[in-house]
J.: 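Take a look at this one; I'll ask things after.
All chains are named by letter (A, B, ...) in the order of the sequence lines, taking the proteins before the strands, and each is independently numbered beginning at 1. It should be emphasised that the depicted structure is a prediction, and the values quoted were computed from it without experimental measurement.
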Amino acid sequence: MVRPLLNPKLNSFVRYYSTGHKGRFGHEFFRFEIDKHGYLKYANNSNYRRDSIIHKQLRLSPTLVNEFKRIIKDSEILAEDYSRWPQRDENGRIQLEITMDGQNTSFETVRISSLADTVNTQDPEGLRVLYYLVQDFKCLIHSIISLHFKIKPIA
Amino acid sequence: MSQENDKTDVPKSMSIAGSAQQDEQHKDMDIEASPPLPVKGHSEDSTDPLPKSIENAERSIEGWVIIVTGVHEEAREEDLYDFFSDYGKARGLHMNLDRQTGYVKGYALMEFEEYDEAKDAVVNGSGKKLLGKPVDVDFAFIQGDDFSRSSYDDDRRDNRRRDRQRRRSPSGDRYRPGTDSYVPDYSYRSSERSRELSPERGF
């Protein structure tokens with residue numbers, strides 16, 4: 001089941017938004033967005049231990065944007081049929097929107113915290129593809145953000 | 001030894017005939033020329049090699065970060081360090097694994113202290129073979145001049161909240177509690193800062 005995302009942007013390449021419930025630590029969410037020109041926006045919000053939202057912006061080179069495309073293509077997420085994926089539940093939801101090679105795909109489903117979450121669903125294999133793609137995204141985004149913004153501790 | 005010069009257009013002539021080891025090397029060698037650094041623009045769906053981002057590269061907080069793609073799935077971190085040791089001393093490496101297979105995902109991000117080291121790696125490392133597979137090297141980040149792009153409503157709301165927090169807190173943005181790092185928020189005036197630090201200014 002596809003829900004149209006808010007204000008889909010013409011320049012967007014990939015947009016990922018993951019949110020949990022609004023609980024003890026505020027409205028916790030993780031979000032990143034990359035447009036066709038390489039502009040990356042990253043946001044991570046949690047009030048855990050009185051932390052506040054973190055916003056970062058950065059422009060990626062075309063080579064790096066291309067590597068995101070390669071990761072998306074290799075995952076074959078665009079070949080999946082997400083109509084059988086569960087809608088959001090009380091634990092949260094993710095939204096993913098990908099525009100590349102002239103195709104636009106967007107969907108919303110539950111957050112998958114572990115492979116165990118994929119087991120009792122109508123499409124465990126497809127959700128597994130999504131799970132690993134999200135892991136690959138998070139790895140790469142984390143590396144990018146920490147290399148560009150984080151000062152190394154004094155060894 | 002002979003594999004250092006894979007970037008030349010002239011195929012290596014093997015003057016030493018047929019020992020098994022030479023044959024092995026010969027099989028590994030790329031007989032075709034590596035693609036030259038392209039100068040034309042790049043259209044979204046073309047399969048031409050992408051232009052390198054040398055002129056508009058952006059410095060990161062403590063150095064210059066390059067992206068290496070086409071990394072062999074069995075590459076080890078020391079292979080990357082060795083590969084780039086000709087160009088400079090790498091100060092950081094992120095080579096992430098594919099979480100499903102356990103092999104290397106296929107890219108690596110490396111940081112060099114000096115622009116010239118990173119540029120050397122981009123220009124001369126591209127097309128070279130690592131474990132028999134040619135890699136592509138480019139700067140990871142480039143100058144952005146338009147970070148004020150309009151976005152979703154919740155972005156604007158979050159920005160307002162962030163502005164209030166910045167004024168309240170004397171130490172500005174933090175990275176994460178539990179770490180030792182204080183990080184100034186480069187995203188706020190990124191375009192100004194990138195002009196200050198651009199190579200043309202002799203940085």
Side-chain angles (χ1 to χ4, degrees), chain A residues 5-7 9 11 15 17 29 31 33 35-46 48-67 70-71 74-75 100-102 128-129 131-132 135-136 139-140 142-154, chain B residues 42 44-45 50-53 56-58 60-62 65 67 69 91-92 94 96-100 105-107 109 111 136-147 149 151-155 158-159 161-162 165 169 173-183 185-188 190 194:
Chain A
L5 299 181
L6 304 169
N7 307 328
K9 288 161 63 183
N11 276 332
R15 180 181 175 268
Y17 175 66
F29 64 82
R31 181 179 71 215
E33 183 185 327
D35 77 7
K36 282 193 316 207
H37 306 291
Y39 287 90
L40 162 69
K41 287 190 197 185
Y42 162 89
N44 196 329
N45 188 39
S46 172
Y48 177 69
R49 296 182 61 180
R50 298 200 214 141
D51 200 11
S52 57
I53 192 170
I54 293 173
H55 268 292
K56 298 293 177 196
Q57 296 192 88
L58 174 55
R59 190 174 180 195
L60 312 181
S61 68
T63 307
L64 186 44
V65 173
N66 223 50
E67 185 62 7
R70 199 264 312 170
I71 289 172
D74 284 356
S75 76
M100 63 187 230
D101 297 339
R128 201 176 311 142
V129 168
Y131 171 75
Y132 284 119
Q135 301 238 330
D136 290 336
C139 267
L140 180 47
H142 172 78
S143 294
I144 285 170
I145 296 291
S146 64
L147 275 169
H148 190 68
F149 293 106
K150 187 171 194 251
I151 299 173
K152 295 179 197 49
I154 298 168
Chain B
H42 169 74
E44 192 185 298
D45 296 333
L50 291 171
K52 301 290 178 185
S53 304
N56 60 344
E58 165 130 336
S60 300
I61 192 162
E62 289 183 315
V65 179
I67 171 75
T69 61
R91 298 186 73 239
H94 283 234
N96 296 325
L97 304 182
D98 182 313
R99 298 293 292 274
Q100 188 172 20
K105 186 65 191 173
Y107 64 83
L109 290 151
E111 180 180 337
D136 187 43
V137 187
D138 192 7
F139 282 95
F141 311 126
I142 57 178
Q143 294 160 12
D145 49 11
D146 186 13
F147 284 104
R149 286 147 185 256
S151 182
Y152 301 87
D153 286 344
D154 54 356
D155 255 344
D158 290 337
N159 282 338
R161 199 187 314 143
R162 176 184 63 165
Q165 284 166 349
S169 152
D173 285 346
R174 298 179 297 282
Y175 186 74
R176 272 292 184 202
T179 69
D180 294 328
S181 313
Y182 160 71
V183 181
D185 185 14
Y186 275 70
S187 63
Y188 202 65
S190 182
S194 62

J.: Given heavy-atom pairs under 4.5 angstrom as the criterion, report whether the side chain, backbone, both or neither of F139(B) touches chain A.
T.: backbone
J.: Which atom pair, heavy atoms only, marks the closest approach of G106(B) to R70(A)?
T.: CA-NH2, 3.7 Å
J.: Which bit of E62(B) is near chain A, if near means a heavy-atom gap under 4.5 Å: side chain, backbone, both or neither?
T.: side chain
J.: In terms of heavy-atom pairs under 4.5 Å with chain B, which of S61(A), G38(A), C139(A) leads?
T.: S61(A)
J.: For the atom pair CG (L97(B)) and CD (Q135(A)), what is the distance rounded to the nearest 0.5 Å?
T.: 11.5 Å
J.: Can you find a side-chain donor-acceptor pair between D136(A) and S75(A) that sits under 3.5 Å?
T.: no
J.: With a 4.5 Å cut-off on side-chain heavy atoms, are I54(A) and Y42(A) touching?
T.: yes
